[in-house]
Amino acid sequence: MSEATLEHGPAAPSAETIDNYKLGMWLYLASEVVIFGTLIAVYAVYRLNNAESVQHVQEELGLTLVSINTFLLLASSWAMVLGLREAQKDNPQGIVRWIGLTALLGTIFVVLQGVEYTELGHAGIHLGNEYGMRFYAPTAFHGAHVIIGVLWALYVMKQARKGVYNAKNYLGIEIFGLYWHFVDVVWIFLFTLIYLI
Amino acid sequence: MATITATPGLGSRTTEGAAIRAADLLRWSLDHKVIGLQYMASSLFFFIVGGTMAMLIRWELLTPALDLMADGTQYNALMTIHGSVMIFLWIIPMMAGFGNYLVPLMLGAKDMAFPWLNAFAFWLIPPAGVLMIAGWLVGPPEAGWTSYPPLSTLFSPDGQTMWAMSLHLLGVSSILGAINFVVTIRNMRPAGMTIWKMPLFVWAVLATAIIQVLATPFLTGGLTLLILDRTAGTSFFDPGSGGDVLLWQNVFWFYSHPAVYIMILPGFGMVSEVLAVHARKPVFGYRAIGLSSMSIALVGFTVWAHHMFTSLQPALRIPFMITSMIIAVPTGIKIFSWLGTIWGGKIRFTAAMLFALGFITLFVFGGIGGIFLAAVPVDIHLHDTYFVVGHFHFVLFGGSVFLIFAGIYHWFPKMTGRRMNERLGQLHFVTTYIGTFFTFVPQHIAGALGLPRRVAMYDPAFTNINTVISLAAFLLGISSLIFMYNILRSLSHGERVGGNPWRGLTLEWATTSPPPPWNFRGDPVPFDDPYGYGSDESGPYLDAVERRFPAPEEAAGA
Amino acid sequence: MNPSNNSNSLMTVVWILVAFVLLVVGGLIIAEATPLVLPPAASAEAVQVDELFKILMALGGSIWLLVQGAVIYSVIRFRARPGDDSDGASIHGNSTLEFVWTLIPSITVVILSIISFQVWVNITTAQENAQVVEARGARFLWSFSYDIPGETQNVNSTVLHTWVGQPVVLNLETADVNHAFWVPSMRIKQDLLAGRSTEARFTPILAGEYPVVCAELCGSGHGDMHSSIVVHEDEASFLDWFDEEAFIILNPPDDPAEGGQLLMTAGGVAGLYACAGCHTLEALGWDAIVAPNLENVADRAATRVPGMEVERYLLRSLFFPGEFLVPGYDNLMPQHQYQDPEEANYMPLDEALDIVAYLCTLTASGESACNVDMLPDVMTEMGMG
Amino acid sequence: MTDQQQGAQDAHDAFLSDTTSIFGREITIQGGIYTVVFILLAVATVLEIIIGGLPEGVLLIPLLLAFAVIKATLVVMYYMHLKTDSRLFTWVLILPLLIALAAMLYLLAAPPTGYT
Ligand code: HEA
Ligand code: HEA
Ligand code: CUA
Ligand SMILES: [Cu+2]
């Protein structure tokens, strides 16, 4: 065996190529699933054993505000993918427009959630309540994720303006998309579990 | 796909030459080797901290009364921080350190997939350590490393909150590190290295990383609720206002049982490497060992409530006994495969090998103790006694720590280009082995006879046995001092070695010691079978490696 | 290690058999050590648990000997002789062998699970006509209370009394954090969980006195939170004790100070007060060290807060323990309150008065340090009663 | 180009075109499949809210949960491209879901108070 064969040129991919960042983001989301799972479980246990008192609070809550919020978030996801689509179509302005819409919708969502919280506060539902704490923990944790998402969207817009993204390179948007859609999915469950059931 | 994601924009490497200087460890660096050593150095520091606390614990327990400590609270704080430090700041980061240093090398990669994330994950540890220790100043945490409410919520001072925040940081750090490992192992293997040709250490790190990604979030969630209870007026764990104390116990063990495999699996990986190299024989049953790591990881998720046999609803206890016992099977496969590995080998009694062999005997003792505890009727008697303390020190000290020692003796030459002193190594082994036996075997007996854990004042009937335990523990302290001395001395005086002092076949040996900033010149070709010792091809390959990366003296001679 | 050679493989079989016998014998010898590592088995359950323990010792012992033996043998037989730097045989595995050592442990654990399950069923099945005792854990005191037939009051005791052959059911409640009720000699342990009531059952079979230990970390006095269980020879000798206690409870003295003393040793309507869990007071045989020593407390009470009378100081200390902490001690004392009998730490006012009256007599001189008649006024001043 | 890559390529183009076929029918709409999915999500949500208003029934909760699952699946499949992306990602999602679900079911099944 000769020294020469100890090392050679660049290695060929040993399997189907998956981008590092994409896999990394998916793994991160995997752990997020478990955290949200824990918080939701805590709520679900209470809901199971205190059906009537939850019913009562749900009447307090009402559905208008949160229904609007749900549509906002769904729409923001839609805007998000269309932004990605523009990138794949080599259209920077398109990206800025759609991602901008995403950020806007996200912001409104947070604001409305703030409004809802203050209303609930007046209705006497706060962290000290048996219901309150179990309600705020998951929703506020989700809200925090939306805020982070909005900031991230602004960053993506900045990059897009710089013309970073194009049909060849739209990974940055795709990764952000994964995060944003995940936050959307979490809301889909929170909406059904906390407000409808 | 050996892409390097370390773009200059993310910062540049601190190591110009191959040698990494102590000063580099204090700087922000993206080099996985520097980060690996940073993990190891900080962990060793915390080992000394935690160990010194252990010495104080044993000193206090020399007599049945309170003498060293002013009151029970102080003792509880000492014992709590000892446990937390040893688990979260010594074992887990140490294993991460080995992973960081070795995985890219074993894969022939230039670095981890996400160097910046890697560095970030490490730098979460120092602040966490500060939070953990500083708790002492504001009224220390005193609810044990398991911190069951309501003691940890309604009845504990602010240090408890800082303890929780510290664990929060460490949890995030370990999740980020794990993501990095999975991506690196999935994407950065060299051409021709299928998962079935990965070194077993890489297998073990992969299994560990999967547990970390899936289990640690439970801790994060639980701690979030605990901190809210302590600071925001919620009462998730306070039955007084609609909370539930068992919720914490469940969520905590959702994480903390899998965590015990986070603490041992990387070690399992290291021992496979060490045994094969120093017995000059292929690992016996490669696939079985690789797969058993995965099955341990999965079954490990189904046994958590065996820590709650005296608080769990009685009807639910038996199922967890069964799952707990099942874990003996994959673990047994490993043990027997290792015996098969040394059987018929040509065993070299290096310090690394001694610790690897010692591990086998000690860990099996601890594991069988675990089976005792898994049997519900017996555990009803043994729960929260020194039998449990004995069990987990056997598996953690006789297991994880022995393997860390073995790993350090084995890879120290690769990391520093110098060999550790074998004589001191043997002395270290003998003292540690004896110390471990006489510290933790009597603990089993004392527990079975009726000595509860976490007590500063105990029934005078247990004075003698506690004296034996304490004296043996002090021997452990001394042995650790020998070890520390050996490391410090070998850093400057150790015998210089070439790239492959042990004639190992895995890729980390196919480069200089220590490796250059990007690990390899060009992309290395892995030897087809990482454990092909005794095969006809291995000889020539190893000779070629030796000629390519000779020991300095030989280089001068040639 | 190569089956091709017949005589060789025959030898292997023989050796395996020899080794197997040695292991079984070794395991059995180890199992004989069981009684040495366990306290006397004083309950019907303990006997069964010990059987299981013994089985585990035998199995675990032989498995450990097996591994230990294999390692030692390899270390001697397969060590590299000096100068020999060749490699070992290139063997990568042996599927039959691997199958065997997967199968055997699997079978073993299945058997172990079945045996353990049977023992578990046996020791948890409820017995008829069991004696029911309310057991209460409070930092850092155990108290047990028995109903007095036909009376509203209870007999409260810090020691658990029962008799040989009588099945006992303990209803476990905690006043504060989690504790764990453990009687090593009975092999029973059950956590007391805040917000739940749990239960422990056992049947003593050996007369004698055995330690009761708290096995769940509950704070600074955890190590000090122990009591004992007295197993009488028979019901008669149990009743001797019980009737005497009951008589004292049913015929309280009219002198407030004496009444107070009785309250502090035998408890009041709210059960036993946990004072003994933390305080030292030789007069009553208390030796806990978590809280201030009550020896001559009345003398010190007079001097602690300038211008405050003894009775006021003591009374306030009962209901607002945090108010004047003795230097060097944390505020661990439960805050008593007198309004709601349902609340934890309920202490009715009349009982509080008697207790203060008693504490007032704890002086060097032995003379009461305060004028008991003015206590009610103090109380009204403090907005109580 | 392997078929696997080929398939990914086709999927990619499918996402880009404005015409998509659902239930065999071709429809052209600005935004293509993405918009179609959005409409489905919106409709599902409206239905959910209506059903949620109905009086309690045995089937109510399972039905609502089913809706939530369907909506989530749509987002994950089309917006997060799981449908066309690597199988590995599917596992990375399924595993934690199973574990979190198991934990949740356990906590729901284990009696929270009382001791039996
Ligand atoms: C490295 C860490 C580690 C490891 C590997 C283990 C391994 C095991 N542990 Fe341990 N354990 C801890 C760390 C660990 N444990 C800690 C820290 C605690 C205390 C936490 C606290 O309360 O503070 C604890 C507590 C603990 C308890 C709770 C005790 C109590 O509080 O009442 C139980 C109960 O079931 C248990 C069981 C087991 C079992 C069955 C295994 C098995 O995995 C062991 C399997 C191994 C073998 C069995 C030996 C090798 C196998 C063979 C040779 C095959 C043949 C064997 C048979 C057929 C039996 N452990
Ligand atoms: C990996 C984890 C790990 C390790 C390595 C150790 C190591 C040791 N542990 Fe610890 N321990 C735990 C994890 C660990 N422990 C946990 C989780 C608990 C439970 C806490 C709880 O109940 O909440 C615990 C609890 C615990 C207890 C029970 C406390 C109680 O319940 O009241 C005791 C008592 O003997 C003990 C002793 C020791 C000893 C003697 C060592 C020795 O092996 C240490 C020897 C090492 C050293 C001494 C370090 C080297 C030091 C130097 C080189 C500096 C020189 C120092 C001097 C010589 C003074 N440990
Ligand atoms: Cu009560 Cu420990
Ligand atoms: Cu466990």
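No hydrogens, no waters, no symmetry mates; every other heavy atom, side chains included, goes into these values.
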For D238(B), which atoms come within 4.5 Å of any heavy atom of chain C: side chain, backbone, both, or neither?
neither
Test item: H222(C) side-chain N/O and E216(C) main-chain N/O as donor-acceptor pair under 3.5 Å
yes
Quick one, R280(B) with D85(C), criterion salt bridge (charged side-chain N to carboxylate O under 4.0 Å, His left out). Give me CA distance, side-chain angles, the key distance, then yes/no.
CA-CA 9 Å; R280(B) 312 307 307 164; D85(C) 54 9; over 6 Å; no
Please report the interatomic distance CD1(I368(B)) to CG(L373(B)), rounded to the nearest 0.5 Å.
12.5 Å
Most contacts with chain C, counted as non-hydrogen pairs under 4.5 angstrom, among I326(B), T385(B), I335(B), L357(B):
T385(B)
Part of L66(B) within contact of chain C (heavy atom distance under 4.5 Å)
side chain
pair P452(B)-D384(B): side-chain heavy atoms closer than 4.5 Å:
no
Applying a strict 4.5 Å limit to non-hydrogen atoms, the region of Y533(B) in contact with chain C is both
Are the side chain of H391(B) and the backbone of G366(B) linked by a donor-acceptor contact shorter than 3.5 Å?
yes
Measure M79(B) against the heavy atoms of chain C and call it side chain, backbone, both or neither at under 4.5 Å.
side chain
In terms of heavy-atom proximity below 4.5 Å to chain C, should V378(B) be classed as side chain, backbone, both, or neither?
both
Under a 4.5 Å heavy-atom cut-off, does chain B meet the side chain of V110(C), its backbone, both or neither?
neither
Please report the shortest heavy-atom distance between A80(C) and R348(B), naming the atom on each side.
CB-NH1, 3.8 Å
Please look at P149(B) and chain C and tell me whether the side chain, the backbone, both or neither of the residue comes under 4.5 angstrom of a heavy atom of that chain.
backbone
Which one, S337(B), A456(B), S324(B), leads in non-hydrogen pairs under 4.5 Å with chain C?
S337(B)
For I465(B), which atoms come within 4.5 Å of any heavy atom of chain C: side chain, backbone, both, or neither?
neither
Taking side chain as C-beta onward, heavy atoms only, is M321(B) less than 4.5 Å from S116(C)?
yes
